[in-house]
Amino acid sequence: MRRQGLLIGVGSVGKHHAKIMAKRYEKLFLVDPAPDVGDWLKKNIECEYKHFSSLSEAIGALSSPRSSVTAVISHLAPDHFDAFTKLADAGVRHIVCEKPISDSLSVGRAMVDRADRENIRFTVGFPRRFLNTAKTINSFSISELGGPPSSLVVHGGAKCLITFGAHFVDLALDIFGSPPLRVAGFGSSQPINPRRKDLGYWEGSLSWEFSGNRYLTVSFTNQSSVQALGVLYAPHGTMNLYPDGKVTMVKRNMDEIAKDPRVTRVGVCVDTPEQVIPLFAPSEINVILDEVESESDISYSLKHIMESLEASIGGLIAAETNQVIEFPISKDHPLFGKSWNVT
């Protein structure tokens, strides 16, 4: 069966996806109303393609059967639900959605429930979930750093607790193998989102507690342009997690530890950094598309999608209410249905 590719949103992330999808599908349908997109497509897309200003027009042009279509939703999060609904109504059954799946817990839940009910092969584009990143990190930590990691600290400048922070929230859930117990912290939003000024861009510090005395802390400031860095703490060393996907590790002096193994006798890591995971390849979306189009179980399940969204949005609820938020968040919570206008 000749598969068709459908890309909704040809912005900064969408342009990357468009180039990869052009090499993957014989026919590509692209949706974006921006006036300059047409010229970019002419210069960069070599396969047979059609460009539309609206999703409804693109859906009308798709060939039958719609089960041969794979759609990638890559525009702003507040618009994801409308796109997902139109695709599902049209019979599209293979859908990848960029993070976050939604800016609302209730809307995200509705999307996941419909995908489950109608057997739509649906997932969210967190590349690390499909590249065994957490498995590799845990394996190296146990074999080289004295045991599993217990804390992940992410800090940086204006990266946004959702726009960028959601990647590390999701990774923490994967590394620790469970959703968090609770989250607390402080934060606020400023109208500096480069994608659109009315979208939120959150700074602040949030801390999630997981079972077994494990923690994630994310701290970003909108007063700095410095890139973010994640530091993972294990018994005898640390790993640096970089935005491009690369992971390196350093260890303490093992002779020093042998002389006094008490955890309260701390010391610096003196090793030369060793690479654990290389940076992302340019075509990681292919790994996700391969799974969605296969008949095997999808690595990033619907259950995991909702746990991750709840953990991220729960952080915003904690910041806005100045309260400790316990998980899971009840559908009766007054902010369960709030649209946070983040992407």
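If you're wondering where the values come from, they're calculated on a predicted model, not measured in any experiment.
Under a cut-off of 6.0 angstrom, the local environment of CD in Gln223 is crowded, with over 12 non-hydrogen atoms contributed by other residues, nucleotides or ligands. Within a 6.0 Å radius of NZ in Lys43, other residues, nucleotides and ligands contribute 12 heavy atoms or fewer. Within a 6.0 Å sphere centred on CG of Asp89, heavy atoms belonging to other residues, nucleotides or ligands number more than 12. Heavy atoms from other residues, nucleotides or ligands lying under 6.0 Å from CG of Asp36 number more than 12.
Of the candidates Leu241, Ile277, Thr238, Asn240, Asn240 is the only one forming a side-chain contact (heavy atoms from CB on, under 4.5 Å) with Thr248. When the options Arg24, Arg3, His94, Arg121 are evaluated for a side chain to side chain donor-acceptor pair (under 3.5 Å) with Thr70, the one that passes is Arg3. For the side-chain contact (heavy atoms from CB on, under 4.5 Å) criterion with Trp208, the lone passing option out of Ser312, Pro180, Pro179 is Pro180.
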Inset, instruction - I would like to know whether Asp113 and Arg117 meet salt bridge (charged side-chain N to carboxylate O under 4.0 Å, His left out); could you show each step before the answer? - result: CA-CA 6 Å; Asp113 286 348; Arg117 189 170 61 250; 5.8 Å; no
Inset, instruction - Quick one: do Glu307 and Arg129 satisfy salt bridge (charged side-chain N to carboxylate O under 4.0 Å, His left out)? Show the steps, please. - result: CA-CA 13 Å; Glu307 289 175 347; Arg129 283 281 186 168; 6.0 Å; no
Inset, instruction - I would like to know whether Ile137 and Asp174 meet side chain to side chain contact (heavy atoms under 4.5 Å, CB included); could you show each step before the answer? - result: CA-CA 10 Å; Ile137 285 173; Asp174 203 12; over 6 Å; no
Inset, instruction - List the steps and the verdict of side chain to side chain contact (heavy atoms under 4.5 Å, CB included) for Cys47 and Tyr25. - result: CA-CA 8 Å; Cys47 73; Tyr25 301 105; over 6 Å; no
Inset, instruction - Please lay out, stage by stage, how Asp82 and Lys86 fare under the test side chain to side chain contact (heavy atoms under 4.5 Å, CB included). - result: CA-CA 6 Å; Asp82 180 65; Lys86 287 177 178 176; 3.3 Å; yes
Inset, instruction - Might you work through the side chain to side chain contact (heavy atoms under 4.5 Å, CB included) test for Lys19 and Ile285, ending with a clear yes or no? - result: CA-CA 11 Å; Lys19 291 179 179 179; Ile285 185 69; over 6 Å; no
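What you find for Leu216 and Ala172 is that their closest heavy atoms are CD2-CB, 3.8 Å. The shortest heavy-atom contact between Asp32 and Gly11 is OD2-N, 4.0 Å. Of all non-hydrogen atoms in Val183 and Gly314, the two that sit nearest each other are CG1-O, 3.5 Å. Scanning all heavy atoms of the two residues, the minimum distance from Ala61 to Phe52 falls at CB-CZ, 3.5 Å. The two residues Gly337 and Ser106 make their nearest non-hydrogen contact at CA-OG, 3.3 Å. Of all non-hydrogen atoms in Ser102 and Met111, the two that sit nearest each other are CB-SD, 4.3 Å.
By the criterion of side-chain heavy atoms lying less than 4.5 angstrom apart, applied directly or through intervening Ile, Leu, Val, Met, Phe, Trp or Tyr residues, Leu302 is grouped together with Leu173 in one hydrophobic cluster. In the hydrophobic cluster analysis, where Ile, Leu, Val, Met, Phe, Trp and Tyr join through side-chain heavy atoms closer than 4.5 angstrom, Val287 is grouped together with Ile73. Leu316 and Phe164 fall within a single hydrophobic cluster, where Ile, Leu, Val, Met, Phe, Trp and Tyr are joined by side-chain heavy atoms under 4.5 Å apart, directly or via other members. Under the 4.5 Å side-chain heavy-atom criterion for grouping Ile, Leu, Val, Met, Phe, Trp and Tyr, Val276 is not connected to Val250 through any hydrophobic cluster. One hydrophobic cluster holds both Phe327 and Val218 under the rule that ILVMFWY side chains link at heavy-atom gaps under 4.5 Å.
Panel note: side chain Arg182, backbone Val324; no donor-acceptor pair is recorded below 3.5 Å. In this structure, Thr85 contributes its side chain and Phe81 its backbone to a donor-acceptor pair below 3.5 Å. Side chain of Asn138 to main chain of Ile175: a donor-acceptor pair is present (N/O by atom type, distance under 3.5 Å, no hydrogens or angles). Formation of a donor-acceptor pair under 3.5 Å by the Glu26 side chain with backbone atoms of Arg2 is not found in this model. In terms of modelled atom types and a separation under 3.5 Å, the side chain of Asn253 and the main chain of Glu256 share a donor-acceptor contact. With hydrogens and angles ignored, the 3.5 Å screen pairs no side-chain donor or acceptor of Lys246 with any backbone N or O of Pro278. Checked by atom type and distance alone, the side chain of Ser141 pairs as donor or acceptor with a backbone atom of Gly147 at under 3.5 Å. Remark: the backbone N or O of Ala158 is not paired with any side-chain donor or acceptor of Asn222 at under 3.5 angstrom. At distances below 3.5 Å, at least one donor-acceptor pair connects side-chain atoms of Thr321 with backbone N or O atoms of Ile317.
Within the structure, ring pair (Phe, Tyr, Trp, His ring centres under 6.0 Å) contacts touching residues 124-160 (residues at least two apart or in different chains) are Phe126-His167, Phe126-Tyr300. Listed by first then second residue, pairs satisfying side-chain hydrogen bond (donor to acceptor under 3.5 Å, both in side chains) with a partner in residues 334-343 read Glu320-Lys338, not counting sequence neighbours. Sequence neighbours left out, the pairs with a member in residues 258-281 that pass side-chain hydrogen bond (donor to acceptor under 3.5 Å, both in side chains) are Asp260-Arg262.
Side-chain contact, Glu98 with Ser74: no donor N or O sits under 3.5 Å from an acceptor N or O. Counting only N and O atoms by type, the side chains of Ser188 and Gln190 include a donor and acceptor under 3.5 Å apart. A side-chain donor-acceptor contact under 3.5 Å links Ser299 and Glu291.
Side-chain heavy-atom separations under 4.5 angstrom define the hydrophobic clusters, and the remaining members of the one that includes Tyr201 are Ile192. Summarising the hydrophobic clusters (Ile, Leu, Val, Met, Phe, Trp, Tyr; side-chain heavy atoms under 4.5 Å, direct or chained), the residues clustered with Leu76 are Leu199. Members clustered with Tyr242: Val153, Leu229, Val231, Tyr233, by chain and number, using a 4.5 Å side-chain heavy-atom cutoff among hydrophobic residues.
By the 4.0 Å N-to-carboxylate-O rule, Glu118 lies close enough to Arg93 to be salt-bridged with it. For Asp170 and Arg128, the salt-bridge test fails: no basic side-chain N is under 4.0 Å from an acidic carboxylate O.
Rounding to the nearest 0.5 Å places CG of Leu87 at 11.5 Å from NE2 of His80. For the atom pair CG of Leu41 and OH of Tyr49, the computed distance is 5.0 Å after rounding to the nearest 0.5 Å.
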